[in-house]
Amino acid sequence: MQSAVKATSFNQKTNQILGISQEDARISKSYLSIAFIALLLGGFLGLLQGLNRAGVLQLPPWLNYYQVLTAHGILLVVVLSAFFTIGYFYAGLSHTLGGLLPKVRKMAWIGFWMKIFGFVLVVIPILKNEASVMYTFYPPMAASPMFYFGLVFIVLGIWMLSLGAFTQVANWRKNHKGQHLPILAFFATGVFVLLVGATAFVAVEVLFMIIPWTLGWTDGINVLLARTLFWAFGHTAVNIWYLTAVSAWYVIVPKIIGGNRWNDLLTRMVVIPLVIMNITGGFHHQIIDPGISESIKYMHVFMSLAIGFPSLMTAYAMFRVFERTARAKGGKGLVGWYKKMPWGDVRFLSPFIAMVAFIPAGAGGIAQSTNQLDQVVHNTMWVVGHFHITLGMSVIMTFFGISYWLVPYLSKRVLTSGMNRLGVIQTAIWTLGMVIMAISMHIVGLFGSPRRTSFTTYGNFAETLGWNPYMVAVGIGASLLLVAVILQVYAVFNLMFFAPKGVTEFPIAEEEAGAAKTPYWTERWGIWVVLMLLVVSMAYVLPIADMIMNAPPGSPPFKTW
Amino acid sequence: MNLFLFGLVLLIGLMLPPVANLMESVMIIHMHMQMPMLVIAGFFMGQFFQRRFPHFFSKYNQEGIPGILLFIIIMGYWMLPRTMDEALTVNSVELFKFISLPFLAGVPLRDSWKKLSKNRKNYTIGFFTVIFSGMGWLYIQANDQLCNNYLVVDQMILGWGFITMAICMVIYLVYTAVVDPSLYE
Ligand code: HEM
Ligand SMILES: [Cu+2]
């Protein structure tokens, strides 16, 4: 045991001095490459959508708007986000836990190929226009069975990767008795626990409900139940990407600005409730669904708002860290300290804008959790505007900021000042594009313009013609965004293969000197998982049992496109 | 003191007629949310009584066994369909619910849990696992309406609630049995 301890801490040291090992780097680089290729394709499709809805571009007869929308949703929320998260956390596990174990590496590769295989199965029917069901694939719309088999493999891949992460963490803890898991690995553990929890629901939906039904083994499907299972997954997935971004806000950003992390215990106390209470938030996507009783919806408002609390803590924590750091550098005055922040550093600028975007994003989310307000905006462009600021800004811009140090760290190259400048320009264009697009989407949504609808003038009806100027703005935003996408993808691959060789550090901030020791109970992941299961069962038994016992006759499959 | 106030406010909040009516209108929420929250309210208030009457607790609840027994009896009492029904029809029984769950279950739980050895804790959880599975089975397969105030379908939903909770407890017990904390801590 003693020698094992020495061996790992030796590994940890070599890791810190020599940087990440070739094999571990290759894993993360593969994940990140896929993520950014998905960004390129998805961004291009987003442009097509934006131009179509602006009324400038008519899609050719062989390309259906819903086909494009399905691919855009899947490429960006399923592929880009998941692959980035995994690449980033595997690099983090490798860096903070002394290199990946050989068997964990193997698991990472098996998971990678399972995900790719699944993804190919998903893409083929989309290309053939046999799966234009959008990324939510709500029954009774039915895609070709191959699409759902693909989803199963993606889920299996995720389980394999989670198992790999747990193996790595358990091994480290065995060799470091009584020590706290390094904070980034702590975030990673939470994220992989949630990934397993979330995908379990969609696995049940796809394996036991949809696949037998599309194969014709059963003749009806319980639509409401399927949607409920989907959103237990979909909601949690989105929160996983958010938690990933938050990990960088707490751990990475303070180091980049030359400060310390926020209180360790409280940081962990943000992760734990987010893991325990997350999945049940899925119901806020079903506020308008018929068949769920009002009292259930009412109680679930509390579950949704409960997740808001850790977010508010985060907002407080971040500004405290910024102010402290800036004052330590001589910043003065009530607001004057902000001048001391490294505004010209893309590794700070991009995640900072991401955090600012979370203020309107969170406020919009709270509004949407309110039944009466949601009635106005449900299924309108407002919602599309909302998730382009939550995902397209808060999450993705954090990921972009990470990429400017993570990619050179992995490829043992450096971020040159020229590349940094490109990054700042890219950040500015992306911000401008997203702000234009998201604001016009929010406004036109309030007027009632529906989402998921290709260009139409509604028979030149005067009221709806008034929406068109906003849709033109969406098109303008989309064009700017594509420019930013191209710059970003160029930057990633340049940093991966062509930038000058050198050493880039993995920036992890330290605790403040003299910080109180974090109590050990924060490490009891078994208990957090059981609590999570308890909360999930308390929240889901009643509605699900009700949906099954009072089910209407099931629906046959439909092809609506 | 802060915790005491928190518990007291929670208790009063739960007793407010609109809140109580909403929670009691659904059988599973009545049993699996209102009642546990009443216990939690008592749990929070427990420290106040421990400080106020230290001798009482150290004399009568030395190793935590009497306290946990009292807890089990009170919990068992409120798991019966008959008692839930009565709480809705007879006001004094409702009042007894609001007193017994916090003060005769929550407070003793607070005092006993820390005093119990690890094995005894696990036995307690194991005991509740068995009871919950049994109650779950009872409520799911009973074709008769067991309460005047709730429908058969409510009963079945409650039964599934018991079963899923039992599953969670089994997972916890397996976790404590399989994972040896001394390997990690
Ligand atoms: C290049 C930048 C982007 C542009 C121009 C863009 C544009 C659009 C447009 C116009 C829509 C269709 C609205 C509708 O008809 O309902 C849409 C939908 C969507 N976008 Fe984006 N978007 C971009 C980036 C992103 C990013 C980064 C994400 C997430 C990480 C994302 C996630 C989504 C999702 C989930 C939908 C909904 C798909 C559906 O309704 O099925 N987008 N986007
Ligand atoms: Cu959600």
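Chain letters run A, B, ... following the sequence lines, proteins first and then strands; every chain starts at 1.
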Counting neighbours of [atom1] on [X] that are heavy atoms of other residues, nucleotides or ligands and sit closer than 6.0 Å, is the number greater than 12?
| X | atom1 | result |
| --- | --- | --- |
| B:W160 | CH2 | no |
| A:Q375 | CD | yes |
| B:N91 | CG | no |
| A:Q179 | CD | yes |

Heavy-atom proximity to chain A below 4.5 Å, by part of [X]:
| X | result |
| --- | --- |
| B:M156 | both |
| B:L158 | neither |
| B:Y172 | both |

Counting only non-hydrogen atoms closer than 4.5 Å, does A:L531 touch chain B with its backbone (N, CA, C, O), its side chain (CB onward), both, or neither?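 Contact with chain B: none, neither part.
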
At a heavy-atom separation under 4.5 Å, does A:Y540 approach chain B through its side chain, its backbone, both, or neither?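 No part of A:Y540 comes within 4.5 Å of chain B.
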
When heavy-atom pairs shorter than 4.5 Å are enumerated against chain A, which of B:T164, B:V26, B:I157, B:D154 gives the highest number?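 Option with the top pair count is B:I157.
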
Report yes if the side chains of B:L22 and A:Y298 come closer than 4.5 Å at any heavy-atom pair, otherwise no.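 A side-chain contact exists here, since the closest heavy-atom pair is under 4.5 Å.
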
Any non-hydrogen side-chain atom of B:H32 less than 4.5 Å from a side-chain atom of A:L542?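 Result no, sub-4.5 Å side-chain heavy-atom pair not found.
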
Please rank A:A545, A:S537, A:G526 by heavy-atom pairs under 4.5 Å with chain B and give me the top one.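 Winner by heavy-atom pair count: A:G526.
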
With B:C168, the side-chain contact (heavy atoms from CB on, under 4.5 Å) member among A:V535, A:L533, A:V536: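 Filter result, single survivor: A:L533.
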
Enter the distance from B:M23:CE to A:M299:CE here, rounded to the nearest 0.5 Å.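 Output value for this atom pair is 5.5 Å.
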
Nearest-0.5 Å distance that lies between atom OG1 in B:T176 and atom CD1 in A:I527: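 B:T176 atom OG1 to A:I527 atom CD1 measures 9.0 Å (nearest 0.5 Å).
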
